[in-house]
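Within every chain, numbering begins at 1; the chains are lettered A, B, ... in the order of the sequence lines, protein sequences first and strands thereafter.
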Number of protein chains: 2
Amino acid sequence: MPKHTFYNLPEEKKDTLIDAAKKEFSRVPLFEASISNIVKVAKIPRGSFYQYFEGKEDVFFYLLEKRTEDMNKKFIAILRQNKGDLFKAFLEVFKHLLYDFKNPENRNFFKHTFLNMNHEIEIIFYKMFHENKREDDLTSINAILDKEKLNIENECELPHVMQILKIVTVQNLIQNFAKEISFEKAIEKYELEINLLKNGLYKDKSSYFIE
Amino acid sequence: MPKHTFYNLPEEKKDTLIDAAKKEFSRVPLFEASISNIVKVAKIPRGSFYQYFEGKEDVFFYLLEKRTEDMNKKFIAILRQNKGDLFKAFLEVFKHLLYDFKNPENRNFFKHTFLNMNHEIEIIFYKMFHENKREDDLTSINAILDKEKLNIENECELPHVMQILKIVTVQNLIQNFAKEISFEKAIEKYELEINLLKNGLYKDKSSYFIE
DNA sequence: ACAAATAGGTGACAATATGTCATTTTCAAT
DNA sequence: ATTGAAAATGACATATTGTCACCTATTTGT
């Protein structure tokens, strides 16, 4: 979390700093990013940087969380539009993200983020699909979700379903950045995998005998 | 890949170097590891290190690939033992890995590796579940696999099934390292998710009418 | 209006790591 | 013994990091 001195900064200075940080994280992934570069581009003294942030991770996660919050709102809106159908919602969100990443300003930032997505980054990113405790009950994912369509025996299996959908989604995004495949191919692949998840990977032979 | 000078080294010196590298990568993840530390522990001159390796990534991936090759053999053996049943094989391998990671010497190395598993590391690790081109046809996963039990329409869906199983497995391993849950709880959680994958996340209401 | 107190800004600095390279050593082949 | 190629070495230039002593600006109390 940025220090309070950062939040007290005049908007303009904040923006300059943020822009410089975005530029650096678009150039290279977090682990290669250099504070020296950020302060050089932002034209602020080195000491000031440490006045505002604990280190480069601090700025990075600040940027990432801001974006994730926007995406979270989008996810909830899309889930509601699709009347709580998780699978349709994930597909819509996936398309949305792909579309977002076409924007060159975002593209490299997210490319580096996704190709270096470790557990810490994953946790932040997954918040996109989570309840947002600060919002009121009307936006609660739990309330919107159409659980009737889910093949679960009880509530406690729900987080596992979400988990599976999340990782398949993120994995698909990662592979898009790794292989730079076309928008259409990406959707096709994702849809195929979502359908496998929906219908199950296992063919129970006993079902043949019933027919 | 290590340079040829590394392979020409006498076994003893190689081992000293490898041990020092292992120690460093058990101390911290790749991105925090320092070559200075490795050469200090191995008691070799700095210049020699660069004679043998391109950089720290080079040693790290060398170590990781060696371990992955062993695991690949294990996976193929287990798959054959289970007569090509992918789900049973993945569960067995999962147990096996958990057991392996109990060994303190491995534990921290893999903890740092899993909690910082980016796309590059993932690719290496996933080789564990792949065909090994160098082996003969008898060990071919494709030949062993019982595809009858898989809910796929054609061969080209198979890689997607594998992909889904791989990422769910790796995700479970990552979460074990992140949350340090017990062996039993870990297996229980993994089994639950594998069953969700087998049976599908979607409950088709039309099936009720058939009954 | 003024001094004191508090908060914020600055850049020089020590510490440390990195990759290179000119030089030295080793050793096999003649 | 001589030579030439390969390997070993450690000092070095360069770069980055986080800190700290000092400076400036702003607020507070009288």
Return the value, rounded to whole Å, for the distance between atom [atom1] of [X] and atom [atom2] of [N].
| X | N | atom1 | atom2 | answer |
| --- | --- | --- | --- | --- |
| F49(B) | dA17(C) | CZ | P | 14 Å |
| I44(A) | dG18(D) | CD1 | P | 14 Å |
| D58(A) | dG18(D) | CG | P | 11 Å |
| F53(A) | dG18(D) | CZ | P | 14 Å |
| K3(B) | dG19(C) | NZ | P | 11 Å |
| I38(A) | dA15(D) | CD1 | C1' | 16 Å |

* So, are K88(A) and D146(A) salt-bridged, with charged N and O less than 4.0 Å apart? -> no
Aromatic contact, [X] with [Y] (centres under 6.0 Å):
| X | Y | result |
| --- | --- | --- |
| Y62(B) | F6(B) | yes |
| F53(B) | F49(B) | yes |
| F114(A) | F125(A) | yes |

* Asked: Between dT16(C) and S36(B), is there an OP1 or OP2 to side-chain N/O distance shorter than 4.0 Å?
  -> no
Cation-pi, [Y] ring and [X] (6.0 angstrom, 45 degrees):
| X | Y | answer |
| --- | --- | --- |
| K3(B) | Y52(B) | no |
| K102(A) | F183(A) | yes |
| K111(A) | F177(A) | no |

* Asked: Donor-acceptor pair, K149(B) side chain versus D85(B) backbone, under 3.5 Å?
  -> no
* Do any N or O atoms from the side chain of N116(B) and from the backbone of P29(B) form a donor-acceptor pair under 3.5 angstrom? -> no
Might you list the N or O atoms of the protein lying below 3.5 Å from N or O atoms in nucleotides 20-27 of chain C, with each pair's distance?
none

* Structure fact -> Expected list for residues 14-34 of chain A near DNA chain C, using heavy atoms below 4.0 Å, is none
* Does a sphere of radius 6.0 Å around NZ in K22(A) hold more than 12 heavy atoms from other residues, nucleotides or ligands, not counting ones at 6.0 Å or beyond? -> no
* **Verdict with reasoning, F60(A) to F109(A), per ring pair (Phe, Tyr, Trp, His ring centres under 6.0 Å)** => CA-CA 10 Å; F60(A) 177 81; F109(A) 178 85; 5.7 Å; yes
Name the pairs: protein N/O against N/O of nucleotides 5-9 of chain C, kept only if under 3.5 Å.
{"from": "dG8(C)", "atom 1": "OP1", "to": "N8(A)", "atom 2": "ND2", "distance (Å)": "3.3"}
{"from": "dG9(C)", "atom 1": "OP1", "to": "Y52(A)", "atom 2": "OH", "distance (Å)": "3.4"}
{"from": "dG9(C)", "atom 1": "OP2", "to": "Y52(A)", "atom 2": "OH", "distance (Å)": "3.3"}
{"from": "dG9(C)", "atom 1": "N7", "to": "Q51(A)", "atom 2": "NE2", "distance (Å)": "3.0"}

